[in-house]
Amino acid sequence: MLDLKYVRTHIEEVKESLEKRHSSLSLDIFLELDERRRKLLFELETLQAKRNLVSPEIAKKKKSGEDTTDIMAEMSIISERVKVLNAEVSAVEKEEEDWLLSVPNMPHESVPYGKSEEDNRIERYVGEKPSFSFSPKEHFELAADKLDFERAAKITGARFVLYRKELARLERALANFMLDVHASEHGYEEVIPPYIVNRASLIGTGNLPKFADDLFKLENWDYFLIPTAEVPVTNIYRDETIAEEMLPLAFCALTPCFRSEAGSYGRDTKGLIRQHQFHKVEMVRFSHPDNSFEQLELMISHAENILKKLGLHYRVITLCTGDMGFSARKTYDIEVWLPGQDKYREISSCSNTGDFQARRANIRVAVKGEKKKLFAHTLNGSGLAVGRALVAILENYQQADGSIIIPEVLQSYMRGLKKIEKD
RNA sequence: GGAAAGGUGGCCGAGUUCGGCUGAAGGCGCUCGCCUGCUAAGUGAGUAUACGGGUUAAACUGUAUCCAGGGUUCGAAUCCCUGCCUUUCCA
């Protein structure tokens with residue numbers, strides 16, 4: 001959420017930011033609401049001030065036995081008006097709040113302007129594409145009997161999978177490997193958050209009210225399945241103040257993620273790439289407002305480190321203004337090379353949201369010497385999407401005979417297994 | 001599932017009987033100052049947030065906030081209703 005006063009006093013900047021994001025939101029509506037709110041507020045508060053002035057008078061007169069019927073009648077009228085005005089103010093405030101909640105974050109100046117993913121900026125390529133003496137297959141061709149989509153469809157429906165045998169273990173191995181690296185090498189505290197969250201948490205991170213369609217909601221509860229661990233982990237500090245010297249705080253968590261994938265009907269229907277449920281290791285950082293962009297560089301390096309250790313080729317891109325998520329000020333995506341698909345595919349997304357989520361979730365920092373508490377800056381990034389990492393390993397480490405070599409760093413997590421034989 | 005108690009400021013904790021003088025006693029903590037070889041103690045002042053008005057910025061000033069939302073009333077921390085949460089006891 002943007003700051004109300006900031007919007008009021010920086011109309012041009014906000015307009016420009018909305019244009020950059022190709023948003024159709026009207027700033028005029030907000031300005032009108034704000035004007036109306038302040039007018040109503042003034043009238044309301046004037047009356048309340050009068051009431052506060054007169055009320056003790058009534059008490060005094062009553063004590064000394066004077067007649068108060070006239071003055072009480074007058075106050076009664078004022079009170080009626082106060083009631084009406086109060087309702088009006090609340091209504092306008094609600095509208096204004098809703099408007100503010102639907103405004104996307106302002107892109108950082110270093111973010112390239114653009115309309116779609118075509119305009120994303122490639123920052124760097126790391127590693128090299130593996131070469132094959134044969135035509136590499138896609139992951140679902142490689143491990144057909146260990147990725148059972150048919151039975152998962154029976155159990156639940158489309159976009160679910162049943163991992164079996166070595167691939168179930170490989171998924172778990174990858175997750176454990178990622179968590180261990182983040183915890184022991186990168187200094188993240190490992191947490192296991194709830195996988196179901198309430199509405200306030202989703203508003204805090206910016207998933208609600210705008211993106212309800214992307215979420216699975218529990219029937220008869222105002223609870224939702226998490227679309228990413230970013231939601232529960234960022235909300236660890238909702239409505240709290242963090243002492244400056246505690247910063248930066250860093251958390252990592254392995255959770256399942258649940259996404260309705262509304263609006264992606266025809267896309268990636270085959271394989272693991274786009275599922276309703278998948279595992280992700282998430283990194284969340286709480287930063288001092290002064291250095292959140294440095295924290296972003298740090299976080300992307302942590303995600304990259306995982307890929308480096310796994311020996312996977314990838315590239316880092318900066319999302320353009322049109323492709324960037326609602327809450328982000330700046331986002332780096334990591335795209336891993338998938339030889340079977342002959343494409344780079346997103347495997348991590350690291351964002352700095354600045355104070356956008358912190359304002360929504362009321363996460364503050366007490367800064368020495370500053371009378372006012374500041375909003376923390378929050379960052380989140382995948383480190384990494386586990387299922388997609390598994391896809392990358394299958395496709396990059398496939399052999400001519402259809403077997404899969406297990407990267408060395410994972411072998412200890414696989415009880416020493418070095419290779420997954422063909423079905 | 002049955003019964004009871006309770007939710008007040010950063011924390012503890014008065015006030016709720018009998019509504020007005022309570023943004024809210026007292027204590028702790030914290031900040032700044034004084035004092036004392038050091039430490040401890042003592043001592044003085046200050047110490048919530050949000051939204052308005054005001055100002056170059058302040059000062060200053062208005063309103064709201066005693067879990068949340070309604071109600072009664074000229075006036076609610078205090079009375080009534082609903083919800084949420086916590087604790088204790090019984091099964």
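Side-chain atoms are counted along with the backbone in the values below, which use heavy atoms only and exclude waters and symmetry mates.
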Please state how far atom [atom1] in [X] lies from atom [atom2] in [N], giving the value in whole angstrom units.
{"X": "A/Leu44", "N": "B/G52", "atom1": "CG", "atom2": "C1'", "result": "10 Å"}
{"X": "A/Leu85", "N": "B/G62", "atom1": "CG", "atom2": "C1'", "result": "15 Å"}
{"X": "A/Arg51", "N": "B/G62", "atom1": "CZ", "atom2": "P", "result": "16 Å"}

Could you tell me whether the phosphate oxygens of [N], OP1 or OP2, come under 4.0 Å of any side-chain nitrogen or oxygen in [X]?
{"X": "A/Asn86", "N": "B/U63", "answer": "no"}
{"X": "A/Thr46", "N": "B/U63", "answer": "no"}
{"X": "A/Asn52", "N": "B/U63", "answer": "yes"}

May I ask you to say what [X] touches in the nucleic acid, namely base, sugar-phosphate or nothing, with a heavy-atom cut-off under 4.0 Å?
{"X": "A/Lys39", "result": "nothing"}
{"X": "A/Met75", "result": "sugar-phosphate"}
{"X": "A/Ile58", "result": "base"}
{"X": "A/Lys83", "result": "sugar-phosphate"}
{"X": "A/Ile78", "result": "nothing"}
{"X": "A/Arg8", "result": "sugar-phosphate"}

> With a cut-off of 6.0 Å (strictly less than), are more than 12 heavy atoms of other residues, nucleotides or ligands near CZ of A/Phe42?
Replying inline: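 No, not enclosed.
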Any ion pair linking [Y] and [X] (charged N to carboxylate O, less than 4.0 Å)?
{"X": "A/Glu88", "Y": "A/Arg36", "result": "no"}
{"X": "A/Asp119", "Y": "A/Lys115", "result": "no"}
{"X": "A/Lys50", "Y": "A/Glu74", "result": "yes"}

>> Among A/Lys5, A/Arg8, A/Lys39, which residue satisfies the salt bridge (charged side-chain N to carboxylate O under 4.0 Å, His left out) criterion with A/Asp34?
In response: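 Between A/Asp34 and the candidates, salt bridge (charged side-chain N to carboxylate O under 4.0 Å, His left out) is satisfied uniquely by A/Arg8.
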Among [options], the one nearest [X] by side-chain distance:
{"X": "A/Arg38", "options": "B/G52, B/C74, B/A64", "answer": "B/G52"}
{"X": "A/Met72", "options": "B/C51, B/C74, B/U63", "answer": "B/C74"}
{"X": "A/Asp34", "options": "B/G20, B/G62, B/G52", "answer": "B/G52"}
{"X": "A/Leu41", "options": "B/U63, B/G52, B/G75", "answer": "B/G52"}
{"X": "A/Gln48", "options": "B/C74, B/U63, B/A50", "answer": "B/U63"}

Can you check the distance between [N] and [M], where both ends of the measurement are the [atom1] atom (answer in whole Å)?
{"N": "B/A48", "M": "B/G6", "atom1": "C1'", "result": "24 Å"}
{"N": "B/G7", "M": "B/C79", "atom1": "P", "result": "11 Å"}
{"N": "B/U8", "M": "B/C66", "atom1": "P", "result": "12 Å"}
{"N": "B/G26", "M": "B/G37", "atom1": "P", "result": "32 Å"}
{"N": "B/G71", "M": "B/G13", "atom1": "C1'", "result": "30 Å"}
{"N": "B/A64", "M": "B/G42", "atom1": "C1'", "result": "40 Å"}
{"N": "B/A4", "M": "B/C80", "atom1": "P", "result": "16 Å"}
{"N": "B/C18", "M": "B/A76", "atom1": "C1'", "result": "14 Å"}

>> Closest-nucleotide mapping onto RNA chain B: is A/Lys50 or A/Glu93 further toward the 5' terminus? I mean the 5' end.
In response: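 In this pair, the answer is A/Glu93.
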> Starting at the 5' end of RNA chain B, which residue's closest nucleotide do you reach first, A/Arg37 or A/Ser79?
Replying inline: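 Checking each residue's closest nucleotide, the 5'-ward one belongs to A/Arg37.
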> Between A/His288 and A/Glu244, does a side chain to side chain donor-acceptor pair (under 3.5 Å) hold up when you go through it step by step?
Replying inline: CA-CA 7 Å; A/His288 193 287; A/Glu244 182 179 27; 3.3 Å; yes
